[in-house]
There are 2 protein chains.
Amino acid sequence: MCPEDQVTVKLSDIAAEAGVSVMTVSNVMNGKRARVGAATIDRVREIADRMGYVPNIPARSLAASRSHIVAMFVPVGENNSLLVSPHTVAVIGGVEQQLRHRGYHVLLRGIEHEGDVAEAIRGWSLDGAILVEFTDAEIDRIAADGVPLVAIDSYSTNPRTVGVRTDDYRGGRLAAEHLLAAGHRRLLFAGPPHEATGVVAQRWDGFRTACAEAGIAGEDIAVEEVLTSFEDGRELGLHLRARHPDVTAVFATADVLAVGLMAGLHESGAAVPADLSLVGFDDLDISAYTTPGLTTIAQDMPAKVAEASRIILEEIEGGEGPRAPVSLGVALVERGSVAAPRE
Amino acid sequence: MCPEDQVTVKLSDIAAEAGVSVMTVSNVMNGKRARVGAATIDRVREIADRMGYVPNIPARSLAASRSHIVAMFVPVGENNSLLVSPHTVAVIGGVEQQLRHRGYHVLLRGIEHEGDVAEAIRGWSLDGAILVEFTDAEIDRIAADGVPLVAIDSYSTNPRTVGVRTDDYRGGRLAAEHLLAAGHRRLLFAGPPHEATGVVAQRWDGFRTACAEAGIAGEDIAVEEVLTSFEDGRELGLHLRARHPDVTAVFATADVLAVGLMAGLHESGAAVPADLSLVGFDDLDISAYTTPGLTTIAQDMPAKVAEASRIILEEIEGGEGPRAPVSLGVALVERGSVAAPRE
DNA sequence: ATGAAAGCGCTAACAG
DNA sequence: CTGTTAGCGCTTTCAT
């Protein structure tokens with residue numbers, strides 16, 4: 001199918017054909033235009049195309065100790081595979097596209113043991129890596145050196161990594177303010193343990209602060225620690241009214257959780273938003289599909305992907321010096337799950 | 001952190017330390033146990049650990065023209081990134097885990113142009129590749145040679161690929177039989193165009209055949225061509241009763257579609273299953289969360305992942321000869337979206 | 001603007 | 001069981 005179906009065309013083949021040295025061809029192929037005459041460039045290009053040249057990536061990586069590969073690391077639990085959350089999926093897919101357009105490749109790698117990260121970086125001569133779904137504590141312990149590391153949704157202060165995340169504090173505030181504006185005073189905060197992840201801690205902080213400004217003390221906010229899953233949300237929903245009879249509104253730190261909550265509430269005979277108002281976080285696709293639609297704090301996923309890609313690329317291609325973490329904007333998306341509290 | 005923090009420990013360093021040749025170390029590291037004495041193995045192992053040896057993957061790939069890399073190729077539309085469907089996500093995540101445990105690595109690669117596949121295979125010295133979300137027509141055109149290729153959900157007869165898919169024909173039958181058993185006679189089949197993908201063609205075939213056996217001719221089955229998306233399903237749901245006043249049951253070829261349909265029907269004032277029964281396909285997580293729960297044809301995703309991984313690995317490690325495609329089982333999952341037709 | 005030499009770290013193939 | 005000899009295809013460095 002290809003023009004001249006040589007099994008393997010290499011630089012030296014093109015060099016011979018063009019009557020130039022291997023180095024000249026290499027320079028042409030790598031766009032080092034300053035080092036080669038314009039006429040030569042065109043001729044070499046044409047010959048390479050005609051012969052169906054495909055660069056050998058391992059050879060390039062070995063010689064240059066630079067791979068043009070960026071790894072996406074995702075921790076794997078004992079249970080099973082990776083790519084659990086829709087959020088992670090969006091990040092990985094988006095970053096792959098950005099990097100591909102800039103000539104980089106994506107290695108997808110589940111991490112079982114600490115140390116796998118550093119090992120992979122050395123073994124592959126990675127140009128950079130993006131850490132997804134790691135806890136702050138895990139990121140704190142990362143010791144890989146000399147390679148740009150972007151950590152998604154991290155509040156770790158590990159100086160080797162730069163964090164890219166949503167403005168979670170502001171998101172927490174928005175949720176509280178919206179609920180308070182609707183007239184609610186008895187609130188419940190539902191999410192995973194605060195200490196584990198900075199993300200949740202920030203959302204709690206924003207939520208609590210807005211409440212405090214409205215005269216509601218932190219101790220007066222009910223808190224339920226639940227895992228971020230539909231099932232855990234549903235479970236909580238089933239017993240919510242029994243456990244918190246006076247609560248009139250819930251802020252769940254993730255939409256999956258909120259959607260599960262809604263299902264559990266329905267099952268238990270409670271109506272949303274008539275009996276209980278609900279605000280989620282993320283703005284997943286499914287949040288528009290529930291009945292009622294879920295009012296939620298939307299993350300700016302395209303921006304997150306773009307920033308993560310931009311930073312890793314900049315750091316790889318010459319960037320240096322310490323760099324501040326990036327926080328992306330949030331916005332309240334009103335659907336139908338919030339109303340005034342029942343009298 | 002590592003024992004002796006050499007920047008780069010290579011085979012020759014270990015060889016020198018152990019007083020053996022580089023080849024011996026190489027053999028030890030690659031588990032070619034037959035070629036090395038037991039005592040030597042232990043000693044070399046110990047030294048390698050102590051020095052913190054990490055194999056250089058590009059070097060290995062170059063020398064062996066074998067990369068231990070399996071690519072996962074996903075087509076990218078003009079629109080944006082890859083990893084769209086939950087289904088694809090599960091496949092990629094699952095396969096990554098299986099391969100990692102067998103010492104292979106996963107390159108995730110969006111495909112923009114035909115030919116990118118063959119180019120990547122050559123350029124990376126890939127050991128194999130898995131094609132996800134390609135249409136049969138696209139797979140027909142793939143010309144890469146000499147490398148095992150597994151195509152997920154493909155009915156292409158391209159002899160260079162081996163298909164791993166669900167028993168879609170049987171799934172179509174199950175859906176029809178369930179609806180017929182509930183007493184429905186006026187059915188609607190909703191899905192993307194049949195010709196484009198073998199998957200849909202098979203489901204239609206099974207559906208139609210079961211209907212025929214019950215005395216319902218193919219012409220008497222209503223058909224709506226819609227894209228596999230929530231929005232398209234919703235759109236259809238909104239106008240369904242107007243367009244097909246006598247239809248009492250719908251088979252949608254995907255759960256996302258079915259869930260959208262359900263939303264549209266609700267909006268239009270139609271009740272599921274009182275006014276209209278609904279069967280989906282896939283058994284996504286969300287299908288358990290709708291109200292009512294969606295009755296659907298479940299795919300055996302773990303089996304799909306396991307088979308795809310097993311086949312690619314077998315083919316890489318010595319397998320040869322033509323191999324038959326694999327079809328995984330399906331099962332009807334009854335939730336609440338099917339009832340007897342209204343009189 | 002172009003080329004020659006040297007070697008990246010590893011493995012295949014054969015020799016002992 | 002172990003060692004030797006040759007590269008894999010490319011880029012670096014330095015010369016011209």
Side-chain angles (χ1 to χ4, degrees), chain A residues 6-45 47-48 51-69 103 119 121-127, chain B residues 6-45 47-48 51-69 103 119 121-127:
Chain A
Q6 195 91 15
V7 183
T8 293
V9 181
K10 39 193 171 185
L11 290 187
S12 58
D13 296 329
I14 300 173
E17 181 81 6
V20 296
S21 82
V22 176
M23 264 326 291
T24 302
V25 182
S26 170
N27 283 133
V28 171
M29 301 318 285
N30 291 44
K32 305 229 189 294
R33 317 206 49 184
R35 305 185 151 283
V36 180
T40 318
I41 290 183
D42 291 344
R43 192 156 45 87
V44 169
R45 277 247 150 78
I47 294 177
M51 298 181 80
Y53 173 69
V54 177
N56 181 311
I57 302 196
R60 171 193 299 193
S61 301
L62 177 59
S65 28
R66 189 157 183 271
S67 59
H68 284 87
I69 300 176
E119 181 172 324
I121 290 174
R122 276 176 51 192
W124 286 87
S125 311
L126 293 181
D127 285 4
Chain B
Q6 195 93 14
V7 183
T8 292
V9 181
K10 39 193 171 184
L11 289 186
S12 57
D13 297 329
I14 300 173
E17 182 82 7
V20 296
S21 83
V22 177
M23 264 325 289
T24 300
V25 182
S26 170
N27 285 134
V28 171
M29 300 320 285
N30 291 47
K32 306 229 190 294
R33 318 205 48 184
R35 305 183 150 283
V36 181
T40 318
I41 290 183
D42 291 345
R43 193 156 44 87
V44 169
R45 277 246 150 77
I47 294 177
M51 298 180 82
Y53 174 69
V54 176
N56 181 313
I57 302 198
R60 171 193 298 193
S61 301
L62 177 58
S65 27
R66 187 157 184 274
S67 60
H68 283 86
I69 300 176
E119 180 171 323
I121 289 174
R122 278 177 51 193
W124 286 87
S125 313
L126 293 181
D127 286 2

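Reminder, nothing fancy here: chain letters follow the sequence lines and each chain counts from 1. Because the structure is predicted, anything quoted here is derived from the model rather than measured.
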Do side-chain atoms of B/Ser67 reach the backbone of B/Ser61 as a donor and acceptor pair under 3.5 angstrom?
no
Nearest-Å distance for atom pair CZ/C1', residues B/Arg43 and D/dC1
13 Å
From the list A/Thr40, A/Leu11, A/Ile41, side chain to side chain contact (heavy atoms under 4.5 Å, CB included) with A/Thr24 holds only for A/Thr40
Atom CG of A/Leu11 to atom C1' of C/dA4: distance rounded to whole Å?
15 Å
What is the distance from CG of A/Leu62 to P of D/dG9, rounded to the nearest Å?
12 Å
To the nearest angstrom, the CZ-C1' distance between B/Arg66 and D/dG7 comes to 19 Å
With a cut-off of less than 4.0 Å, is there a side-chain N or O of A/Thr40 near OP1 or OP2 of C/dT2?
yes
How about A/Pro55 and A/Arg60: do any of their side-chain heavy atoms sit closer than 4.5 Å?
yes
What is the distance, rounded to the nearest whole Å, between atom NZ of B/Lys32 and atom C1' of D/dT2?
16 Å
Can you identify which nucleotide, out of C/dG9, C/dT11, D/dT11, has its nearest atom closest to the B/Asn56 side chain?
C/dG9
Could you state the atom-to-atom distance from NZ of A/Lys10 to P of D/dG9 in whole Å?
4 Å
Side-chain heavy atoms of A/Arg43 within contact of A/Arg45, under 4.5 Å:
no
What's the closest nucleotide to the B/Arg60 side chain, out of D/dC10, C/dT2, C/dT11?
C/dT11
Between B/Asn27 and B/Ala64, the residue closer to the 5' end of DNA chain D by nearest nucleotide is B/Asn27
Side chain of B/Ser21 (C-beta onward), nearest among C/dC10, D/dG3, D/dC8
D/dG3
Going by heavy atoms in the side chains, are A/Met51 and A/Ile14 under 4.5 Å from each other?
yes
Is the shortest side-chain N/O distance from A/Ser12 to OP1 or OP2 of D/dC10 below 4.0 Å?
no
Euclidean distance, atom CD1 of residue A/Ile57 to atom C1' of D/dG9 [Å, nearest integer]
12 Å
Assign B/Val22 to base, sugar-phosphate, or nothing according to its heavy-atom contacts below 4.0 angstrom with the strands shown.
base
Checking C/dT2, C/dA4, D/dG3 against the side chain of A/Met23 (C-beta onward), the nearest is C/dA4
Return the nearest nucleotide to the side chain of B/Asn30; candidates are D/dC10, C/dT11, C/dG9.
C/dT11
Among D/dC10, C/dT2, C/dT11, which is the nearest nucleotide to the side chain of A/Thr24?
C/dT2
Is the phosphate of D/dG9, meaning OP1 or OP2, less than 4.0 Å from a side-chain N or O of A/Tyr53?
no
Quick check on C/dT11: is either OP1 or OP2 less than 4.0 Å from any side-chain nitrogen or oxygen of B/Ser26?
yes
Side chain of B/Asp13, backbone of B/Lys10: donor and acceptor closer than 3.5 Å?
yes
Ignoring the backbone of A/Ala63, work out which of D/dC10, C/dG9, D/dG3 is nearest its side chain.
D/dC10
Whole angstrom value for the distance that separates P of D/dT2 from CD1 of B/Ile41
9 Å
